[in-house]
Amino acid sequence: MTQPGLGTNCNQGYDFAAVLEWFAERVDRIILLFDAHKLDISDEFSEVIKALKNHEDKIRVVLNKADQIETQQLMRVYGALMWSLGKIINTPEVVRVYIGSFWSHPLLIPDNRKLFEAEEQDLFKDIQSLPRNAALRKLNDLIKRARLAKVHAYIISSLKKEMPNVFGKESKKKELVNNLGEIYAKIEREHQISAGDFPSLRKMQELLQTQDFSKFQVLKPKLLDTVDDMLANDIARLMVMVRQEESLMPSQVVKGGAFDGTMNGPFGHGYGEGAGEGIDDIEWVVGKDKPTYDEIFYTLSPVNGKITGANAKKEMVKSKLPNTVLGKIWKLADVDKDGLLDDEEFALANHLIKVKLEGHELPTDLPPHLIPPSKRRLE
């Protein structure tokens with residue numbers, strides 16, 4: 001999506017914003033692209049984003065070509081983008097922005113390569129999750145439509161009430177259309193309805209210009225009660241059923257193209273880094289630093305070749321990592337689960353501490369290449 005020429009007329013013979021709104025109701029994800037080196041949200045592009053109202057949960061933002069500016073400037077650009085989007089996308093949640101260089105050209109400034117790779121993988125995972133959550137999104141759309149129908153009923157009923165029976169219908173109609181914003185506010189207060197559930201004021205005013213208010217129906221409380229019951233009870237039951245069906249269905253993900261190119265093999269995100277270091281080595285990767293760790297190990301009073309948790313803790317806390325992280329490292333390093341650490345397990349614990357201190361994430365389970373050689377027969 002490019003910014004030039006995105007006005008409501010666009011010299012294209014159709015209402016471009018209305019077309020976007022039509023698509024927004026039917027798609028699972030909306031991605032807005034911005035260039036980091038020429039960030040500018042024009043008035044026309046701003047109007048297009050506003051046309052996506054009530055679909056903010058589908059919006060993701062990509063700050064592209066971020067390799068063309070230095071890190072400090074990138075931080076400023078990111079902050080400016082978030083500030084600008086906050087004025088246009090009026091939601092309590094902050095819109096997710098992915099930073100990177102999403103093309104096949106070499107990085108101009110490679111300083112943030114790891115950040116770009118991590119952001120790219122997060123975006124890919126978000127897109128890949130779409131098939132799995134499709135039914136749930138359709139259910140959310142049903143909820144939106146039900147709330148909108150309920151609000152429409154209140155609006156039409158309010159307009160009907162205000163209309164005279166005989167004389168002055170046209171003048172009253174114009175007055176009501178012009179003051180529709182006040183009617184919105186009154187309905188919002190009286191029925192505790194969120195402002196986000198109301199249709200576009202401008203669009204509603206345009207549509208009402210051609211309507212005969214005298215033909216509007218009065219409010220039917222029983223029908224509203226049915227809608228409320230559906231939202232309160234039926235939707236909850238459907239939600240449970242959807243979750244159950246999704247758990248039984250085979251996993252569905254988006255495949256092909258860039259998704260296959262970066263998921264597997266040596267160019268997959270994090271391959272050979274952090275806890276993945278040494279994955280292709282014949283020798284145990286911890287072994288190269290083990291002599292250093294052994295010197296510390298034998299100062300911790302090992303008994304029968306093992307040290308207690310209390311003694312290991314004295315050394316491990318020197319890393320200044322939180323206890324929650326050290327606890328996870330202990331669990332990974334205590335391969336034989338005997339509550340003690342031998343020299344190999346102690347070396348492994350120190351290796352994982354090093355991994356974390358270098359800014360990498362710890363694995364959920366100990367990778368095969370990190371299992372100490374003497375313990376591999378236990379696995």
Side-chain angles (χ1 to χ4, degrees), residues 111-122 124-125 128-129 132 247-248 250-251 253 262-379:
D111 297 1
N112 296 308
R113 183 188 187 99
K114 287 188 177 181
L115 170 65
F116 298 160
E117 289 175 353
E119 290 286 281
E120 180 183 82
Q121 290 305 309
D122 283 352
F124 284 0
K125 287 176 184 176
Q128 285 186 309
S129 71
R132 188 169 60 250
S247 65
L248 297 174
S251 179
V253 294
T262 59
M263 287 298 174
N264 302 307
F267 293 98
H269 177 60
Y271 191 95
E273 301 174 0
E277 181 187 354
I279 190 170
D280 294 325
D281 296 349
I282 297 174
E283 299 295 327
W284 188 39
V285 67
V286 182
K288 65 179 185 292
D289 294 320
K290 189 172 182 294
T292 303
Y293 301 141
D294 282 348
E295 291 182 12
I296 302 171
F297 177 79
Y298 288 109
T299 66
L300 298 175
S301 307
V303 177
N304 296 325
K306 297 192 174 188
I307 60 173
T308 63
N311 285 341
K313 179 180 178 180
K314 292 176 185 177
E315 183 62 30
M316 292 172 69
V317 294
K318 293 178 182 179
S319 67
K320 298 183 181 179
L321 289 171
N323 284 346
T324 52
V325 175
L326 293 175
K328 184 174 182 179
I329 290 173
W330 170 271
K331 186 177 179 181
L332 291 169
D334 185 15
V335 179
D336 55 15
K337 310 302 179 189
D338 64 352
L340 303 168
L341 297 183
D342 62 20
D343 59 322
E344 288 183 331
E345 291 173 323
F346 180 73
L348 174 59
N350 280 277
H351 178 76
L352 292 172
I353 287 173
K354 178 185 172 186
V355 166
K356 187 62 181 176
L357 290 175
E358 289 177 349
H360 301 286
E361 291 301 315
L362 295 171
T364 303
D365 300 302
L366 192 65
H369 73 279
L370 287 184
I371 298 173
S374 66
K375 302 292 190 300
R376 291 179 184 178
R377 65 180 181 273
L378 300 177
E379 295 299 313

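Small disclaimer: the values here were computed from a predicted structure and weren't measured.
Under the salt bridge (charged side-chain N to carboxylate O under 4.0 Å, His left out) criterion, D365 pairs with no residue at all, not counting sequence neighbours. Residues satisfying the side-chain contact (heavy atoms from CB on, under 4.5 Å) criterion with E295, sequence neighbours excluded, are absent altogether. The side-chain hydrogen bond (donor to acceptor under 3.5 Å, both in side chains) test applied to N112 returns T71, not counting sequence neighbours. L300 meets the side-chain contact (heavy atoms from CB on, under 4.5 Å) test with I296, I307, N311, E315, F346; sequence neighbours excluded. Residues satisfying the salt bridge (charged side-chain N to carboxylate O under 4.0 Å, His left out) criterion with D111, sequence neighbours excluded, are absent altogether. With sequence neighbours excluded, the residues satisfying side-chain contact (heavy atoms from CB on, under 4.5 Å) with L357 are S319, L321, I353. Annotation: salt bridge (charged side-chain N to carboxylate O under 4.0 Å, His left out) contacts of K354 (sequence neighbours excluded): D289. A search for side-chain hydrogen bond (donor to acceptor under 3.5 Å, both in side chains) contacts involving K306 returns D336, D338, not counting sequence neighbours. For K356, the salt bridge (charged side-chain N to carboxylate O under 4.0 Å, His left out) partners are E361, not counting sequence neighbours. In this view, D281 satisfies the side-chain contact (heavy atoms from CB on, under 4.5 Å) rule with no residue, not counting sequence neighbours.
Taking NZ of K318 as the reference point, atom CE of M316 lies at 12.5 Å (rounded to 0.5 Å). Distance check: N323 CG to I329 CD1 gives 11.0 Å after rounding to the nearest 0.5 Å.
Within a 6.0 Å radius of NZ in K337, other residues, nucleotides and ligands contribute more than 12 heavy atoms. More than 12 non-hydrogen atoms from other residues, nucleotides or ligands lie less than 6.0 angstrom from NZ of K288.
Sequence neighbours left out, not one pair with a member in residues 354-374 passes ring-ring contact (aromatic ring centres under 6.0 Å, His included). The stretch residues 343-353 participates, sequence neighbours left out, in these side chain to side chain donor-acceptor pair (under 3.5 Å) pairs: K290-D343, E344-S374.
Within the 3.5 Å criterion, the main-chain N or O of G305 finds no donor-acceptor partner in the side chain of D342.
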Kindly indicate, with the supporting measurements, whether the criterion side chain to side chain contact (heavy atoms under 4.5 Å, CB included) is fulfilled by W330 and L341. CA-CA 9 Å; W330 170 271; L341 297 183; 3.5 Å; yes
Could you walk me through whether L370 and L352 pass side chain to side chain contact (heavy atoms under 4.5 Å, CB included), step by step? CA-CA 10 Å; L370 287 184; L352 292 172; 4.1 Å; yes
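For the pair P372/L348, a side-chain contact is recorded, criterion being any heavy-atom separation below 4.5 Å from C-beta on.
When every heavy atom of A275 is checked against every heavy atom of P367, the shortest pair comes out as O-CG, 4.3 Å.
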